Amino acid sequence: MKVFSKRAFFGIAVLSLFLCWSSILSAQEFLHRDGQNIVDANGNPVLLRGLGLGGWMVQEGYMLKTGDFAGPQHVIRKKITELIGEENTAKFYKAYKTNGITKRDIDSLAAWGFNSIRLPMHYNLYTLPIEQEKVTGENTWLEEGFAMTDSLLNWCAANKMYLILDLHAAPGGQGKDANISDYDETKPSLWESKANQDKMVAFWKKIASRYKNEPWMGGYDIINEPNWNFSGTNKNGCDETLNAPLRALQMEITKAIREVDQKHLIIIEGNCWGNNYKGIFPLWDENMALSFHKYWNYNDQGSIQQMLDYRKEHNVPIWLGESGENSNVWFRDVISLIEKNNIGWAFWPMKKIDNIAGVTSVVKTSGYDKLLNYWEKGTDKPSSDEAFRTLMEMAENYKMENVIVKKDVIDAMFRQIQTTETKPFKKNSLPGKVFATHFDLGTNGFAYSDNDTANYWVSSGKSTEWNQGHQMRNDAVDIIKCTDKKSNGYAVSFIEKDEWLQYTVEVAKSNKFEVEIRYSNQKAEGKFYIIDDKGNRLSETISLPFSGGDDVWKSITLKNIQLNKGIQKIKIFFVEGNFNLNYLEFKSQTK
């Protein structure tokens, strides 16, 4: 029997203590929990300002304009395959994923002000569905998903952005809202299959093992928006009081992650699209955060109070893991609210087809319109070759250089939460034409005034369109496509009494101007006048005669508008509405 000296015993104790502290310090090099805060390696609080890359790994029908007839990805893919065949379908999806997110996308997000990315993952890019495994209980790992994640992580690291992994489509599907998780009701769900649950646990252990030493990996959002009734009557789990299966699975996943990765933040979600935490507490890990999702409700303190209570009671950080799909007014208000309460956020999504309520919009081609029409109505079927060309054109349009960047949305999410100052949407030089849709960037009451500003249907029970034309901009101003050949393609419409629009103009020299007003209407009701930003009248009130219909554009001239040289802010104040406004062209008045 070997006898240790006191000195040797002391040395071993010191070494053990050193290794223990080394492990703790190593873990703290990563984004982690410190009480109610998420902090960085130096212990500094980190307010996450992120964007979810929805639609890249998991297609949802509404993003592709197929939601009315094909919501979940497996239905979308089936429709595509039936039309163009397996081989061309594979080519399309390869191009779609290659173009969907690139380094240029992440560089752009960083330049706009985002400091984090939330990646919605589909498990089937990383491992086979249980139905396709040759040996029951085994997990075949696929390189595609890991390679996509590796590239994204590298792009994030290059921009010093955190990447948060979000399992959006779990094995079998985790919710009755099938579009979100690609749930196929003809197969066992996540909650009805132990094999699917085992695969999910193995998935997260594999992920954690691969990324355990990556400091720009911000954390693991282990299950997105579960919405399932375990014992309640609401099919989406909103009246659950225990949520026992959800808690048990998240605990099992956490245990598997911690077997290989003690460093990264683990983020959990409640039932009912992430918000029902009844039965989930007490928490079971020291390095956790709670996620909640917020859509279409009022932006008052009461709308987040439950989550604030959880943060205090359980001494845990909270994170708004998903929000969006509303107006710029709503975006500004929700971000102002949650940042005031020290809550980070991730908005949704990155790219949608023909979109106003996001940072980018993917351009929809006429061929894609034909394809959608065939899928929905069964008429005018395109040939296989034509459909394939159309889909490949759409895949090309997903490239960052081909999307439309929505600068009004970006402005609302970052600049407008800091100031009420307005800035030009476009440079307007006078003499010259000022398009009605080029009103200033800024929020309601400062850059414009509109009566319907956001959709609050979850709180109010009434769905409201903030931009009834769904075109061009996401502000609370109604914009339609314009048929006038003299337009920029759009016009302000659905104008109501006492609304107004502001424009920053640069006047070449002090002068009197006559203004050509281009408009259309169904009847002679419209009236407006022009004022400066101090409320001083620059014109008389002008009444707009009947033009001949909404698609018949006429001009009328307003005279004697005195403007001084330099930068000016002018407002068009609508005394009466019910007309469409294309542009105002300012011309130097000669008499």
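Treat the numbers as computed from the prediction; the structure is a model and nothing was measured. All values below were derived from every heavy atom in this structure, side-chain atoms included, with hydrogens, water molecules and symmetry-related copies excluded. Residues take their numbers from the sequence shown, with the count starting at 1.
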Can [X] and [Y] be counted as having a side-chain donor-acceptor contact under 3.5 angstrom?
X	Y	value
Asp475	Asn328	yes
Glu325	Trp296	no
Ser493	Asn580	yes
Asp309	Gln305	yes
Asn488	Lys433	no
Thr557	Glu514	no
Glu499	Tyr448	no
Asp105	Ser108	no
Thr422	Lys569	yes
Asp107	Asn159	yes
Gln301	Asn341	yes
Thr483	Trp553	yes
Trp273	Asp177	yes
Asn342	Arg311	no
Asn271	Asn276	no
Asn560	Gln589	yes
Trp466	Asn326	no

For the backbone of [Y] and the side chain of [X], can you confirm whether one donor and one acceptor N or O come within less than 3.5 Å of each other?
X	Y	value
Ser327	Thr453	yes
Trp457	Thr464	no
Asn236	Gly175	no
Asn402	Glu396	yes
Gln562	Asn511	yes
Ser510	Lys565	yes
Asn234	Asp239	no
Asn115	Leu47	yes
Lys351	Val362	no
Ser520	Asp550	yes

**Request:** Check whether the ring centres of Phe574 and Phe579 lie less than 6.0 Å apart, and answer yes or no.
**Result:** yes

**Asked** Can we call the ring centroids of Phe388 and Phe92 under 6.0 Å apart?
**Response** no

State, with a plain yes or no, whether a side-chain heavy atom of [X] is found less than 4.5 Å away from one of [Y].
X	Y	result
Asp498	Phe573	yes
Val505	Phe586	no
Ser588	Phe513	yes
Trp345	Val334	no
Val75	Phe69	no
His293	Trp348	no
Phe439	Ile572	no
Ile410	Phe331	no

**Request:** Any chance you could lay out the side chain to side chain contact (heavy atoms under 4.5 Å, CB included) test for Thr66 and Lys79, step after step, and finish with the verdict?
**Result:** CA-CA 10 Å; Thr66 66; Lys79 284 193 171 293; over 6 Å; no

Inter-residue atom distance [X].[atom1] - [Y].[atom2], 0.5 Å rounding:
X	Y	atom1	atom2	value
Leu371	Ser366	CG	OG	11.5 Å
Lys176	Tyr183	NZ	OH	6.0 Å
Arg118	Asp166	CZ	CG	3.5 Å
Phe446	Glu421	CZ	CD	9.5 Å
Asn455	Ser460	CG	OG	7.0 Å
Ile479	Ile356	CD1	CD1	8.0 Å

So which atom in [X] and which in [Y] form the shortest heavy-atom distance, rounded to 0.1 Å?
X	Y	result
Ile353	Lys65	O-CE, 3.1 Å
Gln522	Gly549	OE1-CA, 4.1 Å
Gly274	Glu269	CA-OE1, 3.9 Å
Tyr368	Met394	CD1-CG, 3.7 Å
Ser303	Leu337	OG-CD2, 3.8 Å
Asn467	Arg473	ND2-O, 2.8 Å

**Asked** Does Lys78 NZ have over 12 foreign heavy atoms under 6.0 Å away?
**Response** no

**Message:** Quick check on Lys527: does its NZ atom have over 12 non-hydrogen neighbours (other residues, nucleotides or ligands) under 6.0 Å away?
**Reply:** no

Check: residues 423-432 side-chain donor-acceptor pairs under 3.5 Å, at least two apart:
| residue | atom | partner | partner atom | Å |
| --- | --- | --- | --- | --- |
| Asn428 | ND2 | Lys426 | O | 3.4 |
| Asn428 | ND2 | Thr504 | O | 3.2 |

**Request:** Could you tell me whether Glu585 and Arg518 make a salt bridge, using a distance below 4.0 angstrom between a side-chain N and a carboxylate O?
**Result:** no

**Message:** Check this for me, if you would: do Asp411 and Arg415 make a salt bridge, where the nitrogen-to-carboxylate-oxygen distance has to be below 4.0 angstrom?
**Reply:** yes

**Partners passing ring pair (Phe, Tyr, Trp, His ring centres under 6.0 Å) against Tyr519 (at least two apart in sequence or in another chain)** = none

**Worked check of side chain to side chain contact (heavy atoms under 4.5 Å, CB included) between Arg49 and Phe414** = CA-CA 10 Å; Arg49 297 183 173 103; Phe414 291 98; 4.0 Å; yes

**Message:** Run the side chain to side chain contact (heavy atoms under 4.5 Å, CB included) test on His438 and Met472 for me, step by step, so that the C-alpha distance in whole Å, both residues' side-chain angles and the decisive distance to 0.1 Å come before the verdict.
**Reply:** CA-CA 10 Å; His438 290 174; Met472 188 178 170; 3.8 Å; yes

